[in-house]
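Sequence lines set the chain letters: A, B, ... in the order given, protein chains first and strands last, and positions in each chain run from 1. Every value quoted in this text rests on a predicted model; they were computed, and no experiment measured them.
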Amino acid sequence: MLSRQFVRENAEMVREAIERKGVTGVDLDEILRIDAEWRELKAEGDDLRHQRNEVSSEIGEYKREGEEEKAQDAIERSSELKAELQRVEDRADELEAKLEARLLEIPNVPHESVPVGEGEDDNVERYREGFDDLWTLPEDVVPHYELGERLDILDFERGAKVSGGGFQFVKGEGARLEYALIQFMLDVHREQEYIDVFPPLPVNSESMRGTGQLPKFAEDAYRIGARQDDDHDDDDLWLLPTAEVPVTNMYRDEILLDDDLPIKHQAFSPNFRREAGEHGTETRGYVRVHQFNKVELVNFVRPENSYERLEGLLSEAEEVLDRLDLPYRVLDMCTGDMGFTQAKKYDIEVWAPGDDMDDGPEEGGRWLEVSSVSNFEDFQARRAGIHYRPERHESAEYLHTLNGSGVAVPRVMVAIMEYYQNDDGTITVPEPLRPYMGGQEVIEGHEPVGESAVGEGDGDA
RNA sequence: GCCAGGAUGGCCGAACGGUAUGGCGCACGCCUGGAAAGCGUGUUCCCUUUCGGGAUUCUGGGUUCAAAUCCCAGUCCUGGCGCCA
């Protein structure tokens, strides 16, 4: 959320931000009108209240001195003021509520360094890593979803049966690989001085609002204990769409000490997303699912350090891919592709050679987004009321929040299954993960279980 | 789940229904050869160019001219009892 004062004083900058981010349905001029009227009423109400306070203390004095008549007169005057005040303040409250609601729908203003653009084609590629000395791929790389079923380590059909489309079982050596990845990532980030947090998975509406998922993006999240489209209030619970929500809100409505900063938390959690309407070849397999694991990095910093920290956060997230020797690229996201809450955002996309797609690299395959690294500046801090006190005797200021996936586990699984694939259809376990798998070097898969597997043709699932 | 008690500034902690006492911490100043102590001022948010004003005792309602204080509902904390992995 932007502050009223900021919107008031930088109306043109805000207007531009709304336009560049392609946000519709926000009437800035109306917001400014409401604000102006509210301030007028606020002044009027303050004045009435001042009068009433004076009369009120007179009443107290008269009562103490036993001057009943004078007190009665004053009480009458006070009643008149009360009625007048009621009228003015009711109207002011109404406007203020409207104003707050509208402000929540204004997107964050992009940082000046953000490339201007409409959509994903306008994102700027900053650099690529890991393409110099590539792993030797098989002639034809089998897409992970096919390989996963062949090795019986990914089972989408039974996931759909048990929970619905977009849910999956990860089995045997696949599950083991996933656990290994998670433990490996957590260890990498511990080296980078991250403090672990294992958060609650349901979060309330206020938390969702604090990080910006509500009110605009309610349809993306799973609701607990209410119908999806009921009006939501503060007691409702949602399944977290990312650990960013509980971890950022952990310090909601608090004032941190200057000495506390910077705070670096990492949180492993499953993430739940409805992903309504997202189906097709690009999302097939373990790429865009309703439940997936992720290690999230969340930083709380002093405002003057947040852009330096953004670069640090990016390299901390990259470290995971560097050590796994997976090729990837880093994108500087443009205004139109950036999202509601961010002031600046980098995406890290790993190379998955299994499916050739138009926008993939020359080597074939495709890019898969595994991490978004963002600076929210004080946008979330203001929504969530997270302050710090630069000097002990001074008033509190909003701090800056940043986060980055460090990184989305399933898509790294996809990259490993496709990039470290061998001619014989086995998968080589990247070296840094072997200690987490009891030294295992190769994933060979399992014999499938059940009648449906009998008589199945070779590789033609 | 039931019963009882509680929630006041960064922290501690007062306040017969009459407009939030005081201390600690922190900052600045005075004092001092220097420091400590001592003394003084300041230390939440909003509106206002200034002067100034308003709000704020967990949250939301109610009673009253007036609520930290009384009533109702809720949230969280503490203790006791029950239930249960």
Side-chain angles (χ1 to χ4, degrees), chain A residues 1-9 31-103 200 202-210 224-226 231-238 246 249-261 263 300 302 378 381-399:
Chain A
M1 176 166 65
L2 304 173
S3 78
R4 289 186 215 175
Q5 197 184 357
F6 183 87
V7 174
R8 209 179 282 154
E9 289 171 1
I31 292 172
L32 293 170
R33 263 199 308 280
I34 295 172
D35 179 58
E37 196 185 343
W38 172 78
R39 279 185 294 156
E40 227 168 272
L41 286 169
K42 158 94 170 137
E44 197 180 331
D46 281 358
D47 185 52
L48 286 168
R49 217 167 246 282
H50 175 55
Q51 293 180 42
R52 198 190 67 155
N53 285 345
E54 301 220 309
V55 172
S56 220
S57 61
E58 277 175 38
I59 296 173
E61 257 172 66
Y62 292 142
K63 288 277 189 188
R64 264 193 302 278
E65 291 163 11
E67 306 202 54
E68 275 307 317
E69 252 179 63
K70 285 185 177 174
Q72 273 312 316
D73 283 354
I75 287 173
E76 242 167 76
R77 257 183 297 147
S78 177
S79 298
E80 283 164 25
L81 286 169
K82 189 187 179 185
E84 178 76 1
L85 190 61
Q86 188 84 46
R87 192 183 59 75
V88 172
E89 289 195 337
D90 280 354
R91 174 71 181 143
D93 287 350
E94 201 180 296
L95 288 175
E96 187 166 28
K98 200 186 281 185
L99 196 55
E100 286 295 318
R102 300 287 167 88
L103 281 172
V203 292
N204 60 29
S205 296
E206 205 176 331
S207 298
M208 292 283 277
R209 203 174 305 120
I224 311 175
D231 286 342
H232 41 265
D233 61 43
D234 293 346
D235 296 334
D236 286 341
L237 287 176
W238 308 74
N249 279 282
M250 195 162 67
Y251 300 114
R252 188 174 70 222
D253 297 323
E254 290 193 35
I255 299 173
L256 306 179
L257 298 177
D258 187 60
D259 290 344
D260 293 333
L261 304 179
I263 294 176
F300 302 84
R302 298 184 191 98
D378 63 2
R382 180 170 285 110
R383 289 170 87 104
I386 311 171
H387 297 85
Y388 82 112
R389 215 178 277 286
E391 298 284 344
R392 294 292 270 275
H393 63 288
E394 283 180 3
S395 62
E397 287 177 21
Y398 292 109
L399 46 71

Just by distance, do the side chain of R52(A) and the backbone of K82(A) share a donor-acceptor pair under 3.5 Å?
-> no
Stepwise, does the side-chain contact (heavy atoms from CB on, under 4.5 Å) test hold for R4(A) with R39(A)?
-> CA-CA 11 Å; R4(A) 289 186 215 175; R39(A) 279 185 294 156; over 6 Å; no
Can you tell me, in whole Å, how much space there is between the P of A85(B) and that of G80(B)?
-> 22 Å
Going by modelled atom types, is there a donor-acceptor pair between the base of U19(B) and the side chain of S56(A) at under 3.5 Å?
-> yes
Could a donor-acceptor pair under 3.5 angstrom be found where the side chain of D46(A) meets the base of G53(B)?
-> yes
Between R252(A) and A384(A), is there a donor-acceptor pair closer than 3.5 Å when you use the side chain of the first and the backbone of the second?
-> no
Measure from CD on E40(A) to P on U48(B) and round the result to the nearest Å.
-> 11 Å
Integer angstrom distance from the P of U56(B) to that of G9(B) = 15 Å
Do the side chain of R302(A) and the main chain of D258(A) share a donor and acceptor less than 3.5 angstrom apart?
-> yes
If you look at every strand shown and take non-hydrogen atoms under 4.0 Å, does N53(A) touch a base, only sugar-phosphate, or nothing?
-> sugar-phosphate
What nucleotide, of C65(B), G54(B), G10(B), holds the atom closest to the side chain of I255(A)?
-> G10(B)
Starting at the 5' end of RNA chain B, which residue's closest nucleotide do you reach first, I75(A) or W38(A)?
-> W38(A)
Verify whether one side chain among N53(A) and S56(A) offers a donor that lies under 3.5 Å from an acceptor in the other.
-> no
Would one find a side-chain N or O of R39(A) under 4.0 angstrom from OP1 or OP2 of G53(B)?
-> no
U59(B) and C77(B): how far apart are their C1' atoms, nearest whole angstrom?
-> 15 Å
Hey, is the side chain of R389(A) poking within less than 4.0 Å of OP1 or OP2 on G10(B), counting only N and O atoms?
-> yes
Identify whether any heavy atom of R4(A) sits under 4.0 Å from a base atom; if not, whether one sits that close to sugar-phosphate; answer base, sugar-phosphate or nothing.
-> nothing
Expressed in whole Å, how much space separates the P atoms belonging to A36(B) and G25(B)?
-> 12 Å
Complement of U50(B), any strand, by Watson-Crick or G-U distances under 3.5 angstrom = none
Could you tell me the separation between the CG atom of L48(A) and the P atom of G52(B), rounded to a whole number of Å?
-> 21 Å
Watson-Crick or G-U wobble mate for U41(B), both contacts under 3.5 Å | A27(B)
Any side-chain heavy-atom pair from L41(A) and W38(A) closer than 4.5 angstrom?
-> no
Check every atom of C65(B), A55(B), G53(B) against the side chain of S79(A) and return the nucleotide holding the closest atom.
-> C65(B)
Find the distance R52(A):CZ to U64(B):P and express it as a whole number of Å.
-> 14 Å
Base-pairing assignment for C2(B) (Watson-Crick or G-U wobble, both under 3.5 Å) | G80(B)
What integer distance in Å separates D93(A):CG from G54(B):P?
-> 17 Å
Say you pick atom C1' in G74(B) and the same atom in G40(B); how far apart are they, in whole Å?
-> 46 Å
Can you check the E89(A) CD to G54(B) C1' distance for me, whole Å?
-> 9 Å
Assign each of L257(A) and S78(A) the nucleotide of RNA chain B bearing its closest heavy atom; nearer the 5' end lies the nucleotide of L257(A)
Separation of G54(B) P from K42(A) NZ (nearest whole Å) | 10 Å
Watson-Crick/G-U partner (both atom distances under 3.5 Å) of G18(B) = C65(B)
Can you tell me the Watson-Crick or wobble partner of A35(B), both distances under 3.5 angstrom?
-> none
Which base, if any, makes a Watson-Crick or G-U wobble pair with G74(B), both distances under 3.5 Å?
-> C58(B)
Heavy-atom side-chain contact between N249(A) and V203(A) under 4.5 Å | no
Can you tell me how far C1' in U21(B) sits from the matching atom in C12(B), rounded to whole Å?
-> 14 Å
Nearest-angstrom distance from the residue atom CD of Q86(A) to P of A66(B) = 10 Å
What integer distance in Å separates D253(A):CG from U75(B):C1'?
-> 13 Å
P atoms of G62(B) and U57(B), separation to the nearest Å = 16 Å
Expressed as a whole number of Å, how far does the P atom of A15(B) sit from that of U8(B)?
-> 14 Å
OP1, OP2 of A55(B) versus side-chain N and O of R49(A): anything below 4.0 Å?
-> yes
